[in-house]
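All remarks here apply to the structure that follows.
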Amino acid sequence: MKADKKIITAFIILAFILLVLNIVSHAAEEGLKKAMEKYETHRYSEGIVLLRKEVDGRQKDELALPYFILGRFYLKEAELYRTMYETSIMTTNEYLNKLNNLKAVKKSRYLPYFLGLLYLEINQPKKAIPLFQQFINSSPADKGFKEKAKLRLGAAYYIAGNRKMAEEQWAQVSASDEEVIADKAYIFARLNIKLKDAIDMVQNAVNLSQKNSEKNYHKIYRETAFVYYKNDMVDAAIELLEKVPLNEPDMVDNIERNKMLRFYDISVMADISTIYYYTASKYFNKVMNLRGREKYGDLIRFYLSEISYRLNMYDEAVREINTFLKSNKLDARYNKRIRVLLAACYYKKNNRKQAFEIWDEIINKNLQDDSALSAVMDTYAELNIDATSMLKLIEGQTVSKEEKKMKPYYNSLGGLYYSRKDYEKSVQAFELVRDKANKNKLESNDPVFLIRLANSYYRLKKYSEALEIFFEMGKSYPAVRQVQDTIQGVYSSDEKGSGDVRIY
């Protein structure tokens, strides 16, 4: 009897364990399903939060799929912030230069500083140098900004090739304040120099900030996160980025009664994009070391090559792509796309002849392949390549009859027209992509597409249409606030005319 009881008890325990495992497995699948719903509705940050919980509760052999999806989420986030960054450069450039060109109007003392930041971002250090010097000489009320200006003046000299002047400027900065310490470390990380010094500096800044509970030191999180990323501490970088309030300006200047100017450092979105690309690569590489990687191998190799390209590692991307192409293992679905990417790498490496040989072959042999043509159009648009001959070839060549399949093609065509400054045709093509019933809703429209559509409307001076899109996006992505503010400033200027300009 005792033996029978033991057997019965064992069966009961086994049944309970199997039941628990089944519940856990079901819950895990539900978690992945909910995360993928966030992916489909373009709520990437929300999906990332859900997936992290899934990762924490899984065994190593069960991690391939969630890691792969996490990589996809971060890749989408990276592309989104890169697009926002490119838009912000455009709108900020016009906004700040309109402010600077105003006559008989009181100007903000901070304008030279933020103009200097803009010129640093677009790699025009010689234009940035006199602006930072002007700001430093004006003795701004905020001493911290003056120190930051010296650091960036040094960066401008460094980029321009004058290393001696750069070191002289940096030596003048007495790094005793937490924000200044973090900013100096950030400048070094941005220039890819003194990385070990930079990590010591930001950790010192974080320690100092924790001792002073009366101040809000979220401003150092962004700089610290970038330094962490450059030192391969990506998890710590992501943790800090999540604490950065992306809708707050770096400076609000009340220059007149009822007149307030908001200034932003546009490099924030570039940094976030870079960190997210790097994070995506980390998760993809994790998948490649797990059981079950075979399902995702081809696509991951393509993604990793693309990430190398985005991080300006063109030699590495070329090696990855060529090695993979020679293996003859690449899925046919990705073969053309990866060759378009290979040509883009050659183009960036100034091997233009080889690049165009690849692109021309793909165009001429795939005039009935909308997907292949879309890949080339996207690349031509991004690199601002003259596409006159390509447009003549592809005119009337669209073959897909399904509306859903045609949307990527028209999205690429709209981008190509935009790069040619044909904004009317750009809008026409983009509008064929937009969901008519939910025209600005993220659930129905890819956010990168919405930004590109808004850019075309902005170029046509249809500011209300552009602002409507960014307002809706701002509900999920607060970082677009800086784009909204700069467009609103340009809009205000154009509407009121030069006689009574008020840019807010």
Side-chain angles (χ1 to χ4, degrees), residues 81 84-85 87-100 107-122 128 131-132 134-136 138-156 173 175 177-187 189-190 202 205 209 215-227 240-255 259-275 470 474 477-490 503-504:
Y81 279 95
M84 282 196 280
Y85 168 68
T87 298
S88 187
I89 285 180
M90 172 183 67
T91 59
T92 301
N93 193 341
E94 190 165 352
Y95 173 59
L96 294 184
N97 277 290
K98 279 183 179 288
L99 283 176
N100 198 42
K107 295 182 182 180
S108 169
R109 71 180 75 181
Y110 294 97
L111 180 57
Y113 174 79
F114 286 96
L115 262 175
L117 292 185
L118 170 67
Y119 286 123
L120 272 186
E121 282 303 299
I122 60 179
L131 288 164
F132 288 131
Q134 177 188 342
F135 179 73
I136 293 165
S138 68
S139 299
D142 191 321
K143 184 183 176 183
F145 266 95
K146 186 172 183 177
E147 297 292 271
K148 291 179 180 181
K150 289 179 182 178
L151 291 172
R152 280 161 176 77
L153 177 59
V173 178
D177 179 85
E178 292 91 329
E179 288 186 38
V180 177
I181 294 172
D183 208 50
K184 190 171 186 178
Y186 169 75
I187 293 296
R190 259 286 186 128
V202 292
S209 70
K215 294 180 72 174
N216 183 0
Y217 281 106
H218 67 255
K219 289 184 177 180
I220 73 169
Y221 294 157
R222 172 270 180 112
E223 289 85 355
T224 304
F226 192 81
V227 174
L240 284 183
L241 277 185
E242 291 172 350
K243 299 177 182 179
V244 178
L246 298 175
N247 60 344
E248 293 184 7
D250 287 76
M251 168 55 62
V252 178
D253 192 6
N254 296 286
I255 61 174
K259 185 170 183 180
M260 181 172 60
L261 298 178
R262 298 181 181 89
F263 294 104
Y264 296 85
D265 182 350
I266 59 177
S267 64
V268 174
M269 288 194 282
D271 294 343
I272 293 173
S273 177
T274 298
I275 293 170
F470 285 120
Y477 295 98
V480 301
R481 179 60 187 268
Q482 65 175 265
V483 177
Q484 288 177 259
D485 283 348
T486 49
I487 291 178
Q488 186 61 54
V490 174
I503 304 182
Y504 299 96

With heavy-atom distances below 4.5 Å as the criterion, would you say the side chains of Val202 and Glu223 are in contact?
no
What pair of heavy atoms forms the shortest contact from Ala155 to Ile187, and how long is it?
CB-CG2, 4.0 Å
Measure the acute angle between the ring planes of Tyr113 and Phe145, then classify it against the limits of 30° and 60° as parallel, tilted or perpendicular.
perpendicular
Once ring-ring contact (aromatic ring centres under 6.0 Å, His included) is applied, do any residues pair with Phe226, and if so which ones, sequence neighbours excluded?
Tyr186, Tyr229
Is there a donor-acceptor contact under 3.5 Å from the side chain of Asp183 to the main chain of Glu179?
no
Can you name the closest pair of heavy atoms from Ile266 and Ser88 and give their distance?
CG2-OG, 3.2 Å
Show the nearest heavy-atom pair for residues Phe135 and Arg109, with the distance to one decimal.
CD1-O, 3.3 Å
Does the cation-pi check pass for Lys98 over Tyr95, that is, NZ or CZ under 6.0 Å from the six-membered ring centre and within 45° of its axis?
no
Closest heavy-atom pair and its distance - Ser209, Ile220
OG-CD1, 3.8 Å
For Val180 versus Leu151, what's the shortest heavy-atom pair and its separation?
O-CD1, 4.0 Å
CD (Gln482) and CG (Asp250) are apart, to the nearest 0.5 Å, by 8.5 Å
Here's a test for you: under side-chain hydrogen bond (donor to acceptor under 3.5 Å, both in side chains), which of Thr87, Thr91, Asn93, Thr92 qualifies with Thr486?
Thr91
From Asp253 atom CG to Ser108 atom OG, the distance as rounded to the nearest 0.5 Å
3.5 Å
Rounded to the nearest 0.5 Å, what separates atom CG in Leu117 from atom CG in Leu131?
10.0 Å
Can you list everything that forms a salt bridge (Lys or Arg N to Asp or Glu O under 4.0 Å) with Asp271? Sequence neighbours excluded, please.
Arg190, Arg222
Applying ring-ring contact (aromatic ring centres under 6.0 Å, His included), name anything that partners Tyr81, two or more places apart in sequence or on another chain.
Tyr276
Can you sort out the partners of Phe263 under ring-ring contact (aromatic ring centres under 6.0 Å, His included), two or more places apart, ordered by chain and number?
Phe114
Within-4.5 Å side-chain heavy-atom neighbours: Lys107 and Leu99:
no
Spacing of CE belonging to Met269 relative to CD belonging to Glu121, to within rounding of 0.5 Å:
10.5 Å
Going by the rule salt bridge (Lys or Arg N to Asp or Glu O under 4.0 Å), which residues pair with Glu242 if we only count those two or more places apart in sequence or in a different chain?
Arg52
On a heavy-atom basis, the closest approach of Ala205 and Ile181 is CB-CG2, 4.0 Å
How long is the gap from CD on Glu248 to OH on Tyr264, to the nearest 0.5 Å?
9.0 Å
List in chain and number order the residues that pass salt bridge (Lys or Arg N to Asp or Glu O under 4.0 Å) with Lys184, two or more places apart in sequence or in another chain; answer none if no residue qualifies.
none
